[in-house]
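This one's a predicted model, so the numbers in the text were calculated from it and none came from an experiment.
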Amino acid sequence: MASTSRGMSSALSSHASGMLPLQPMANLIEDSHAGDLICPEVIDVGSEWRTFSNDKATSDPSRVGAAENPLLDGEDLSTIIGGPLGSASFNEDGTKKYRSKSNMSSTNRTLINAFREIQNMADRINLPKTIVDRASALFKQVNDQRTLRGRSNDAIAASSLYIACRQEGVPRTFKEICAVSKVNKREIGRCFKLILKALETNVVLITTGDFMSRFCSNLSLPSRVQRAATHIARKADELDLVSGRSPISVTAAAIFMASQASDEKRSQKEISEIAGVADVTIRQSYKLIYPRAHDLFPSDFQFATKLEDLPPP
């Protein structure tokens, strides 16, 4: 009777607080292990955990399993049968009665592997999630159209990441993508052209400004040299000195010229390793801008090496 009265008192207090409806005739059950009184007349259909709205956790405890991926068919629903446990799981001859199986489609398996590869490549060169998402969407479009049959999924994934970088305004060179992928530069270039044609899409034209800051930073060049190299590249383009040359090679040549005129000199070999272009490519672009060097430098540049003493091409 004492237990019942205690239960009624608890039920009344809970009802007063707005948590549970009043059940005056209910016989409450005491859970000695948990130290709780349970009302069998009331069923709590809520979660067994508390959710705090001001928590900053990225996971949602009210959902079981990973988040749904809208790029996967069937909302990424799959079933996996685990391995056998105990002697009852084996036949008389010792073979397994049950085998681990998954009903995941081959299409989803291809997409998941490609998305994982894109994420791994992006992580290695510190690319944000927006680029990963765009690259994954591009891969799915190509996979759905089946227009690149015969090409490896790794090459398509690498090309999708390269295109996504261009479209998001943070371009990377083919060499940078190649360095973190499993395929060579030529194969990435081929897939790049095929994807643009198949999806009837385009990419933003790259300029010297897209690479200047990153290249100079990787070369540990001070801001004054970077400003001079930026000015040189821009003036060379305005004077039509580098028509038809790749913006990457023009950037590298401008950095070489600016550094050679300063006290922070960098060789063509050092710059080529960062820019991902051959020494001879830098030399060819430098040869085009060298005769007009006096027109390319900003007026306030402090020369450590005179213009006439710059290394000839």
Side-chain angles (χ1 to χ4, degrees), residues 121 124-127 152 154-155 157-166 170-196 203-221 225-226 228-262 264-293 296-297 305 307 309-313:
M121 289 188 292
R124 293 178 63 183
I125 50 179
N126 300 316
L127 294 175
S152 73
D154 289 335
S159 302
S160 298
L161 186 62
Y162 175 79
I163 294 173
C165 289
R166 292 274 296 270
V170 285
R172 293 296 185 269
T173 64
F174 277 120
K175 185 174 181 179
E176 288 177 296
I177 299 297
C178 180
V180 297
S181 70
K182 301 176 181 177
V183 291
N184 57 49
K185 179 180 175 181
R186 179 176 296 179
E187 185 64 17
I188 296 175
R190 288 173 179 171
C191 284
F192 162 68
K193 295 178 181 178
L194 291 173
I195 291 174
L196 292 184
V203 292
V204 179
L205 293 176
I206 58 177
T207 65
T208 56
D210 293 325
F211 303 98
M212 187 66 73
S213 176
R214 187 155 49 88
F215 288 175
C216 288
S217 176
N218 291 338
L219 288 164
S220 301
L221 289 171
V225 177
Q226 179 182 328
T230 302
H231 191 275
I232 291 170
R234 185 172 64 250
K235 290 293 290 184
D237 184 60
E238 291 175 359
L239 296 173
D240 200 24
L241 302 178
V242 288
S243 178
R245 304 299 300 178
S246 163
I248 300 175
S249 65
V250 175
T251 301
I255 293 174
F256 175 71
M257 177 175 282
S259 69
Q260 289 298 316
S262 72
E264 293 283 348
K265 293 176 173 52
R266 299 292 185 273
S267 67
Q268 290 183 0
K269 181 175 178 58
E270 290 176 295
I271 297 173
S272 70
E273 292 176 351
I274 295 299
V277 293
D279 296 10
V280 65
T281 304
I282 300 177
R283 194 175 305 115
Q284 289 171 351
S285 293
Y286 178 68
K287 184 178 181 179
L288 294 175
I289 64 176
Y290 176 78
R292 300 288 297 273
L296 302 180
F297 280 88
T305 300
L307 283 174
D309 293 331
L310 289 177

Subject >> Residues in ring-ring contact (aromatic ring centres under 6.0 Å, His included) contact with Tyr290, at least two apart in sequence or another chain >> reply: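 Expected list: Tyr286.
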
Original post:
Who pairs with Tyr162 by ring-ring contact (aromatic ring centres under 6.0 Å, His included), at least two apart in sequence or on another chain?
Top reply: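 ring-ring contact (aromatic ring centres under 6.0 Å, His included) check on Tyr162 returns Phe174, Phe192.
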
Would you indicate whether the side-chain heavy atoms of [Y] and [X] approach each other to under 4.5 Å?
X: Val183; Y: Ser152; result: yes
X: Ser259; Y: Glu264; result: no
X: Leu239; Y: Leu296; result: yes
X: Glu187; Y: Ser159; result: no
X: Ser181; Y: Ile188; result: yes
X: Leu127; Y: Cys165; result: yes
X: Phe256; Y: Pro311; result: yes

Looking at every non-hydrogen atom in both residues, tell me the closest pair between [X] and [Y] and how far apart they are.
X: Gly276; Y: Lys185; result: O-NZ, 4.4 Å
X: Leu196; Y: Ile163; result: CD2-CD1, 4.0 Å
X: Ala229; Y: Met212; result: O-CE, 3.5 Å
X: Thr208; Y: Pro247; result: CG2-O, 3.5 Å
X: Val250; Y: Arg245; result: CG2-CB, 3.8 Å
X: Ser272; Y: Asp279; result: OG-OD1, 2.8 Å

For the pair [X] (side chain) and [Y] (backbone), establish whether a donor and an acceptor sit closer than 3.5 Å, ignoring hydrogens and angles.
X: Arg166; Y: Val204; value: yes
X: Asn218; Y: Phe215; value: no
X: Ser243; Y: Asp240; value: no

Within this structure, what is the [atom1]-[atom2] distance for the pair [X] and [Y], rounded to the nearest 0.5 Å?
X: Ser267; Y: Leu219; atom1: OG; atom2: CG; value: 9.0 Å
X: Arg266; Y: Ile255; atom1: CZ; atom2: CD1; value: 10.5 Å
X: Ser220; Y: Glu270; atom1: OG; atom2: CD; value: 10.0 Å
X: Phe211; Y: Thr173; atom1: CZ; atom2: OG1; value: 6.5 Å
X: Ile271; Y: Gln260; atom1: CD1; atom2: CD; value: 7.5 Å
X: Glu176; Y: Arg124; atom1: CD; atom2: CZ; value: 12.5 Å

Original post:
How would you list, by chain and number, every residue that makes a side-chain hydrogen bond (donor to acceptor under 3.5 Å, both in side chains) with Thr305, sequence neighbours excluded?
Top reply: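 Testing Thr305 for side-chain hydrogen bond (donor to acceptor under 3.5 Å, both in side chains), a comparison that skips the adjacent residues, returns Lys265.
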
Original post:
Yes or no on side-chain contact (heavy atoms from CB on, under 4.5 Å) for Ile125 and Ile177, after CA distance, side-chain angles and deciding distance?
Top reply: CA-CA 8 Å; Ile125 50 179; Ile177 299 297; 4.0 Å; yes

**OP:** Begin from the C-alpha positions of Ser160 and Ile195 and carry the test side-chain contact (heavy atoms from CB on, under 4.5 Å) through to its verdict.
**Re:** CA-CA 8 Å; Ser160 298; Ile195 291 174; 4.0 Å; yes

